[in-house]
Participant: 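This structure is in structure tokens; I'll ask about it shortly.
The shown structure was predicted, so the numbers you read here are calculated from the model rather than taken from an experiment. If you read the sequence from its start, that first residue is 1, and numbering goes on from there.
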Amino acid sequence: MTLPTPGSRVSLRWLDGSGQAHDLVGEVVEAGRDGVRILPWDRGPVTVHPAAIVAWRPVPPKAVRPSSPPADVARLAARGWPGLEVERLGGWELRASGGYTRRANSALCEGDPDLSVARAVDLLVEFYRARDLAPQVMLAARPGEHHPLEGRLVDHGWRAHSHTWLMSRDLRIGQDDPLPTGVDASWSQRPNAAWLAAFGRPHPLQLAVLTAADADYLSLVGAGELIAIARLAPTGDWAGISALWVAPAHRGRGLGTAVLGALRARAVSRGARFGYLQVMADNPGARRLYERLGWQVHHGYTYLTRDPAPGGADD
């Protein structure tokens, strides 16, 4: 039997030693005479001996929609800001990036860690301690609900902080405000020095973390001055918006709305159907703006840290 190609996504049926059939869907990590190693979406890798495979077929990427559960959308959004080092612990993703940004230095604890929760948390703590980082997790849940791991961690001394809303919308719907007269927009595949300076939060790994995923970088210039920036990360038929900044002197004049329109148009031109962005829960003004433009809260996520919360910002 021809084996699937590494990097492809397959649906595979195999027989265990007792002859019982099992079905498996995931990305092929390795394929050879010693076994086919497949990584499912929500748990650790599974290795199947070629002789045990009954049949397999290629399947398209997992469909994620605005109606999908928080775990699925959180995993998709993680691909748009993945961090520099990602290690799987079953379905959990341990991310480390030298301490730059919470998102790139926290564990996304969704799915089955393939271990007892207590042991998985111990290994998570060891992972971050070995990198001289505070152990930190990101837990996603629908509004009004709590992730099942949150209470357990809080009871063991972890501190919850930085609650954030992830908002989504169908990008194919709606009309956009044009950019103001005299404002020019330009796109690049990497942020330049002016873009990075506007984004702030200088760090030796700033550029590496920002460019760890494919992204487009928007710069708006008016009268020779950089007045707004944003980052757009396409992921399948989704696109994530981050690093949205408008110069203080230009706020309150509709420029942010126009920037979001430019981002939406760019995302659609790149094949995106849906979009996501994140907004801190303690920024109700930004949330109201996004809601007025058609964005809706999909889920919230909370960071929990074993030590006092680090000072890095979320984006």
Participant: Are Val297 and Ile241 joined in one hydrophobic group, where the rule is that I, L, V, M, F, W and Y side chains link up if heavy atoms are under 4.5 Å apart?
Facilitator: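 Looking at the clustering, Ile241 is in the same group as Val297.
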Participant: Between Ser97 and Val209, is there a donor-acceptor pair closer than 3.5 Å when you use the side chain of the first and the backbone of the second?
Facilitator: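 No; zero donor-acceptor contacts below 3.5 Å.
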Participant: Can you tell if the side chain of Gln136 reaches within under 4.5 Å of the side chain of Arg102, non-hydrogen atoms only?
Facilitator: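 Answer yes - side chains close enough.
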Participant: For residues Pro4 and Val36, determine if any side-chain heavy atom of one lies less than 4.5 Å from a side-chain heavy atom of the other.
Facilitator: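 They are in side-chain contact.
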Participant: On the ring face of Tyr290, is Arg292 found with NZ or CZ under 6.0 Å from the centre and within 45° of the axis?
Facilitator: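 That pair does not qualify as a cation-pi contact.
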Participant: So does Val64 get a backbone contact from the side chain of Ser68, meaning a donor-acceptor N/O pair under 3.5 Å?
Facilitator: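 Absent.
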Participant: Verify side chain to side chain donor-acceptor pair (under 3.5 Å) between Arg37 and Thr47, making sure each step is shown before the conclusion.
Facilitator: CA-CA 4 Å; Arg37 188 172 174 84; Thr47 301; 3.2 Å; yes
Participant: Could you walk me through whether Asp216 and Gln189 satisfy the side chain to side chain donor-acceptor pair (under 3.5 Å) test, starting with their C-alpha distance in whole Å, then the side-chain angles of each, then the deciding distance to 0.1 Å, before giving a yes or no?
Facilitator: CA-CA 5 Å; Asp216 291 344; Gln189 299 303 304; 3.2 Å; yes
Participant: Show the nearest heavy-atom pair for residues His299 and Ala140, with the distance to one decimal.
Facilitator: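 It is CD2-CB, 3.7 Å.
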Participant: Is the shortest side-chain heavy-atom distance between Arg103 and Tyr303 below 4.5 Å?
Facilitator: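 Yes, close enough: below the 4.5 Å cut-off.
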Participant: With a cut-off of under 6.0 Å to the ring centre and 45° to the axis, is Arg172 in cation-pi contact with Phe274?
Facilitator: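 Cation-pi check for Arg172 and Phe274: passes.
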Participant: Measure the shortest side-chain to side-chain distance between Leu218 and Arg266 over non-hydrogen atoms and say whether it is less than 4.5 angstrom.
Facilitator: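 When only atoms from C-beta onward are counted, Arg266 and Leu218 do not touch, as no gap falls below 4.5 Å.
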Participant: Determine, for Asp114 against Arg88, whether the closest basic-nitrogen to carboxylate-oxygen distance falls under 4.0 angstrom.
Facilitator: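 No, Asp114 and Arg88 are not salt-bridged.
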Participant: So, does His147 use its side chain to make a donor-acceptor pair with the main chain of Cys109 at under 3.5 Å?
Facilitator: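 Side chain of His147 to backbone of Cys109, a donor-acceptor pair under 3.5 Å: yes, one is there.
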Participant: Determine whether Thr101 and Trp81 satisfy the following criterion, side chain to side chain donor-acceptor pair (under 3.5 Å), listing intermediate values before the conclusion.
Facilitator: CA-CA 10 Å; Thr101 78; Trp81 196 286; 3.3 Å; yes
Participant: Indicate yes or no: does Asp72 engage Arg75 in a salt bridge with an N to O separation below 4.0 Å.
Facilitator: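 Salt bridge flag = yes for Arg75 with Asp72.
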Participant: Are Trp238 and Ser168 close enough that a side-chain donor and a side-chain acceptor fall under 3.5 Å?
Facilitator: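 No, no side-chain donor-acceptor pair sits under 3.5 Å.
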Participant: Please report the closest heavy-atom contact between Ala96 and Arg131, naming both atoms and the distance.
Facilitator: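 Heavy-atom minimum between the residues: CB-CD, 3.8 Å.
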Participant: Does some side-chain heavy atom of Pro58 sit less than 4.5 Å from a side-chain heavy atom of Ser8?
Facilitator: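 Side-chain contact under 4.5 Å: no.
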Participant: Tell me, do Leu3 and Val28 make a side-chain contact under 4.5 Å, heavy atoms counted?
Facilitator: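 No, too far: nothing below the 4.5 Å cut-off.
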Participant: Would one find more than 12 heavy atoms of other residues, nucleotides or ligands at under 6.0 Å from atom CG of Asp16?
Facilitator: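 Yes - once you tally the heavy atoms of other residues, nucleotides and ligands closer than 6.0 Å, there are more than 12.
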Participant: Look at atom NE2 of His156 and say whether more than 12 heavy atoms of other residues, nucleotides or ligands are closer to it than 6.0 Å.
Facilitator: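 For His156, atom NE2 is not crowded (no more than 12 foreign heavy atoms under 6.0 Å).
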Participant: Quick one: do the Thr164 and Gln278 side chains pair a donor with an acceptor below 3.5 Å?
Facilitator: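 Judged by distance alone, the side chains do not pair up.
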Participant: Taking atom types as modelled, find out whether His161 and Thr305 have a side-chain donor-acceptor pair closer than 3.5 angstrom.
Facilitator: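 There is such a pair between these side chains.
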Participant: Suppose we screen for salt bridge (Lys or Arg N to Asp or Glu O under 4.0 Å). Which residues come up paired with Asp237, at least two apart in sequence or across chains?
Facilitator: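 Asp237 satisfies salt bridge (Lys or Arg N to Asp or Glu O under 4.0 Å) with Arg65, Arg273 once adjacent residues are dropped.
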Participant: Looking at side-chain heavy atoms only, is the closest gap between His298 and Arg169 below 4.5 Å?
Facilitator: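 In short, these two side chains do not touch, never coming nearer than 4.5 Å.
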Participant: My understanding is that only residues two or more places apart in sequence, or in another chain, count here; which of them pass salt bridge (Lys or Arg N to Asp or Glu O under 4.0 Å) with Arg129?
Facilitator: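 Partners of Arg129 by the salt bridge (Lys or Arg N to Asp or Glu O under 4.0 Å) criterion, ordered by chain and then number, come out as Asp307.
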Participant: So with a 6.0 Å cut-off around CZ of Arg190, is the heavy-atom count from everything else above 12?
Facilitator: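 Atom CZ in Arg190 is not crowded, with 12 or fewer foreign heavy atoms closer than 6.0 Å.
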Participant: Cation-pi check for Trp165 against Arg287: NZ or CZ below 6.0 Å from the six-membered ring centre and within 45 degrees of the axis, yes or no?
Facilitator: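 Flagged: Arg287 positioned over aromatic ring of Trp165.
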Participant: Heavy-atom count check: over 12 atoms from other residues, nucleotides or ligands less than 6.0 Å from Glu291 CD?
Facilitator: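 Correct, the count exceeds 12.
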Participant: Using modelled atom types and a 3.5 Å cut-off, is there a donor and acceptor pairing between side-chain atoms of Glu93 and backbone atoms of Ala78?
Facilitator: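 Checked: no pair found.
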Participant: With heavy-atom distances below 4.5 Å as the criterion, would you say the side chains of Arg95 and Pro82 are in contact?
Facilitator: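 Counting from C-beta outward, Arg95 and Pro82 never come under 4.5 Å.
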